[in-house]
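Single-structure report; data block below.
Residue numbers begin at 1 in each chain, while the letters A, B, ... track the order of the sequences.
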Amino acid sequence: MLKIKQISSGYGESQIIFDIHMQIDQGTIVSLVGSNAAGKTTLINTISGLIKAWSGTVEFLGEDITALSPAARVDRGLIQTPEGRRLFPDLTIKENLLMGSYSKVVRAKRQENLDYVYHLFPKLLERTSQLAGSLSGGEQQMCAVARSLMACPKLLILDEPSLGLAPILIVKVFEIIEDIKKKGVTILLVEQNVQKALCLADKAYVLESGRITLEGTGQALLKNDQLQKAYLGI
Amino acid sequence: MLIQLLISGIMLGGVYALTSIGLSLIFGVSKIVNFAHGDFVVVGMYITYSVYQATGLSPYLSWIVVIPCSVFLGYLVFLLLKRTIGVQEVNQIFITLGLSMVIQNVILMVFKSDYRTIRTIFKNNIKIGDIFLTREGLLAFLIAIVITVVFLWFLNKTDTGRAMKAVSQDRSAAHLMGVRVGGIDLLVFCLGIVFAGIAGSLLITMFAAYPTSGGVYNLLAWVTVVMGGLGNVVGALFAAFLIGIIEIVSGYYLGADMRQVVYYVFFVIILILRPQGLFSGIKFINRKVKTNEAH
Amino acid sequence: MLRLQNVTKEFGGLRAVDHVSFTIPKGSITGLIGPNGSGKTTLFNLISGIYKLTSGEISLDGQVISNKPAFRIAAMGLARTFQVVKPFNNISVYENVLVGAYIHHHNKSLAEAKVSEVIKLLDLGKYSGYQMKSLPLAMKKKVEIARALATDPKILLLDEVMGGLNPQETDFLLKEIRKINATGITIIVIEHKMKCIMSLAERILVLDSGVLIADGLPREVCGNVGVIKAYLGDDFCVED
Amino acid sequence: MKHINIKKLLLWIGFFILLLILGTKVGNNYYLDFLITIFFMASMASAWNLVGGYAGLISIGHVAFLGLGAYTSSILFLKLGVSPLFGIFLGGGMAMLLAFLLGILTIRLRGPFFTLSTIAIAEILLLLATRFVDLTGGSQGLDIPYKPSVFNFVFKSYYVYYVIYLVLLAVIISVVTYINHSKTGCYLKAIREDETAASSLGVSILKYKMTALLISAFFTGVGGSIYAQYLLFIDPHSVFSVGFSTKVAALSIIGGLGTVLGPIVGAFLLTPIEMLLRSQLGGTYQGLYLLLYGVIMILVILIIPRGIVGTLTEVVKNKRKKDADRTK
């Protein structure tokens, strides 16, 4: 579904990621793990088009999208839930959700999607006219995921969905991710909660200093010594 | 007497609101610092004046010329400023100051430095009880308020309006929603200039235009935007009423030449004491812009 | 020499640094680690005076420095670098370092002597005439260290100086940091590259959600259950 | 750079003397006035550059200092008989006082808001000067009687004014050059580039911004006082017009912000064009020169944002670097 070939990119003059190859198959969950500053967010922002790739190609559903704008990628069903939620704090929950279905391609299904996410997260319906900035961290995360679902994602990129959440909520987030997968959405999961991310993943990549150093099935990586080394430097 | 002054002030404030909402929108959504906003108001005044002189068309109908001209002008200026969005605030200041010089002097060369106004539309004033209102003033007020209300509706109830608010709050998240942010920037800029142009066409029926009068409107627009809370459109509306009242009341008690001093002083005090604005409690498009650098 | 007592910082309702206390002995190299958003950089900003404390106290050589303006703290002998580099872009590398040197040398020729010394120490001579903005990130980070060193610090805070560097550059910088430490300057390093910090630091502090959860030798810290949880997730240890 | 470059210093002194002598050869008052205006604009642009170019504080109300200086010396002279010889410095002092008050209140404001506050201050002074007719003569302005004497600081010969302005310019250039190579200059540049980094290296942001503002205001005030003595007439709209500040800023930007020579190059290039256009076209096209300023300013910002001098120095440096690399 998504094929990344030899992608390099970065900010300004400094290169952050180097020659990345990645492949995500339809209907799977792929995890991308790696320590802080390894380049995970840079990589997915390059996939989403927020950062221009310096070289290499991104192919989505058989189409080369390397040169497309972020908006055009959203139209094609490539949706990112950014790190730190990034809700629009001074818009209400409902307005945030409506922004999720801004793309003209999905506006027709807006009401249907709205019913669906309210069904999935009844709490959001209760607080529908509350400002997003006033929600707790967990509620914000629900709202951010719901907002992405409003866009009928074909590929959903989740950047650190468990960051800053209480353990109970983290469990809930991962349940939701599995639910979304069951609905047929392909998922690219970026996580620092390595254990959870790998358990869930059909396939995983480990990113270190801007390069992919390990890849394999989630279960295989869980048993890998090198992974522990990468994280704790033992 | 005081009631008369208050009402006149609110009438005037309504027209000022159009100027400041345009500026507030441009600053709030795209973070463009526009120091030539007042000059676009004056361009609107001169276009209305010329159309009136040439064809006798009423200032209220001259919009069919003012609006396309404003859109075109806005588009051209946006091309100059496009690359500075979000990165070079200082360059925005310089470019728009340069632009202000260009506009003022083009006007000077075309229209000379004479004062121009259209004050012959209505013969008599309205009198309700003890209160006098000029017909131009009342009409301008009503038009300005209708436009503002329609715009607020647009901002809150349409996808494009919501996208404007979204861009003002988080540009990169807006990208991820599929918003063409560059297009929103352009739309917002042109819309802001159109509001300025319309404000100009209303103001020319009450005040004279001269080439450098843009300076006054520019500062006026910024005063209201700062008072209203940066990027807060509703705040700017209230601030505009307040400025209108301050202007009329201080003009009455201290003399016409003092009215600006009063609100300039007010402005400096607010900048220093409450840079987040007087009305920042009313959230609307209120981005959190820091005016104070941490030391 | 640097002592933090119950240092706390709140942003709005959020507690970014929560009652952190530790003492850094003179001449040591200490590593400060923790997951994303755990409050490491905030702690540096508190120590260097960029932020004001909500409560607690920080002292340097017995003198209280908390809530003093940043430029005073710098003059008292505390220097730092920034996670996201803050170069003076439109002036030369030489002048960048000169800004630091002027802190104790009001006389220009003395300040320039200091600059030459630091530039020699960090082997920056080739670049001294270059504009900062034309340098690659690795060099910018190095110039930031040079700038900080020119202030003759007693203690130097390095915030992710290794981030974004390739292995050769990293190795080189590690050597430089040891060299600086050898001149008697106390160092605290925030670093994500675990290999680097494990080999560099003699002691490691671990922050998680603003709380200091571990403090000890690198080996000890690595075996610490809390640290592994913070980094890898709750169940990692249990399954092992 | 090690010590004061003696050769350079001698060159400048020589240049200064040459200009002094050159002035005596210009018999025609029209041409002297031409040169005086250039010197005046170069002085004002240089003074502005200390704040706008070095400290990164974009003041578009600098004319407040100019006008306050002009009114101070003129009023002291006309009402109290204080010789402008002292009045000039008192004018500079008043400008500094205003700068100090403005500074403690607004120097912390971020970019555009500092700019707005300076514009507001200038407008307030303009309106006050128009209002307090007793003191300022209101919009009629103040006439300084033409009674040439040293005490009155009024001279028959244009050459004397030429010398005064040349000295003013020379003093400002010297001060800016000194600052440029001193600790203060180094600190100001650091502040302009990044305040947080500067303060973590021991730079007191407020102190150095204030220093730049005070020095700049002093020279602008002195310039205003001398300007009043030269024209023998001031009115609110000529000495408090924000447009003048914009023009002065434009000269600096076009020449090169934060360089010693930038504002001078700007003034020497543009002021003659301005004066020619004004005298040749006048009347209908009286706005043409300002239009030109605006267009050039926009083009410079878009194409060579470092200005003429800044860009040239960079080109030369790059070339030297390349040559050096090649010889290696």
Side-chain angles (χ1 to χ4, degrees), chain B residues 27 33-36 80 83-84 88-110 112-113 211-212 215-216 218-219 222-223 225-226 230 254-255 257-269 271-273 275 289-295, chain D residues 52 56 58 60 102 105-117 119-128 130-131 138-139 192 195-196 199 204-206 241-243 245-247 249-250 253 257 283-302 305:
Chain B
F27 185 71
V33 179
N34 180 8
F35 273 20
L80 290 180
R83 277 162 58 197
T84 64
Q88 300 157 316
E89 205 173 56
V90 175
N91 287 3
Q92 289 170 0
I93 297 178
F94 290 147
I95 290 174
T96 52
L97 278 174
L99 206 64
S100 171
M101 276 170 121
V102 170
I103 294 176
Q104 290 186 5
N105 291 290
V106 167
I107 293 175
L108 177 67
M109 283 163 63
V110 177
K112 315 285 177 293
S113 56
T212 55
V216 177
N218 191 39
L219 202 49
W222 274 104
V223 172
V225 168
V226 169
L230 304 168
L254 298 171
D257 48 345
M258 280 291 103
R259 55 195 178 147
Q260 280 156 352
V261 173
V262 175
Y263 70 71
Y264 289 161
V265 170
F266 203 57
F267 168 62
V268 176
I269 293 172
L271 262 185
I272 295 159
L273 296 183
V289 184
K290 276 188 202 156
T291 37
N292 269 305
E293 201 78 48
H295 282 282
Chain D
I58 311 301
I60 297 299
L102 180 77
L105 293 174
T106 66
I107 225 166
R108 288 165 187 271
L109 292 174
R110 196 172 64 91
F113 302 100
F114 174 81
T115 309
L116 283 167
S117 70
I119 298 177
I121 298 287
E123 293 287 347
I124 290 171
L125 286 184
L126 167 74
L127 293 166
L128 291 179
T130 318
R131 166 84 171 196
S139 51
R192 178 190 65 200
E195 293 195 4
T196 313
S199 65
S204 165
I205 310 286
L206 290 183
S241 106
V242 171
S245 286
T246 319
K247 204 166 84 178
I253 294 159
L257 284 172
T284 24
Y285 294 103
Q286 50 177 311
L288 188 62
Y289 76 96
L290 279 174
L291 176 71
L292 209 64
Y293 270 66
V295 171
I296 297 177
M297 177 152 110
I298 294 173
L299 289 179
V300 165
I301 289 287
L302 289 177

Given a strict heavy-atom distance threshold of 4.5 Å, which part of [X] is in contact with chain D: side chain, backbone, both, or neither?
| X | result |
| --- | --- |
| Leu273(B) | neither |
| Val265(B) | both |
| Glu89(B) | side chain |
| Val261(B) | both |

Problem - Closest non-hydrogen atom pair, Ser117(D) against Leu271(B) - result: CB-CD1, 3.7 Å

Problem - Closest approach of Phe267(B) to Ala120(D) (non-hydrogen atoms, all atoms of both residues) - result: CD2-CB, 3.8 Å

Chain B interface, residue from [options] that has the most non-hydrogen pairs under 4.5 Å:
| options | result |
| --- | --- |
| Ile119(D), Leu127(D), Ile60(D) | Leu127(D) |
| Leu291(D), Leu288(D), Leu116(D) | Leu116(D) |
| Leu125(D), Ile253(D), Thr106(D), Val295(D) | Ile253(D) |

Fill in the blank from the handout: Turns out that what part of Leu257(D) lies under 4.5 Å from chain B's heavy atoms comes down to side chain

Problem - Side chain, backbone, both or neither of Leu290(D) within contact of chain B (heavy atoms, under 4.5 Å) - result: both

Exercise for the section: Using a cut-off of under 4.5 Å on heavy-atom pairs, state which of Thr212(B), Ile107(B), Asn91(B) scores highest against chain D. Expected result: Asn91(B)

Donor-acceptor contacts, no H, no angles, side chain residues 93-103 of chain B, under 3.5 Å, sequence neighbours left out:
from, atom 1, to, atom 2, distance (Å)
Thr96(B), OG1, Phe35(B), N, 3.0
Thr96(B), OG1, Gln92(B), O, 2.7
Thr96(B), OG1, Ile93(B), O, 3.2
Ser100(B), OG, Asp39(B), OD2, 2.6

Exercise for the section: State the CG-CD1 distance between Leu219(B) and Ile124(D), to the nearest 0.5 angstrom. Expected result: 8.5 Å

Exercise for the section: Report the residues that fulfil side-chain hydrogen bond (donor to acceptor under 3.5 Å, both in side chains) with Gln88(B), sequence neighbours left out, ordered by chain and then residue number. Expected result: none

Problem - Chi angles and distances behind the side chain to side chain contact (heavy atoms under 4.5 Å, CB included) call for Ile298(D), Leu80(B) - result: CA-CA 9 Å; Ile298(D) 294 173; Leu80(B) 290 180; 4.1 Å; yes

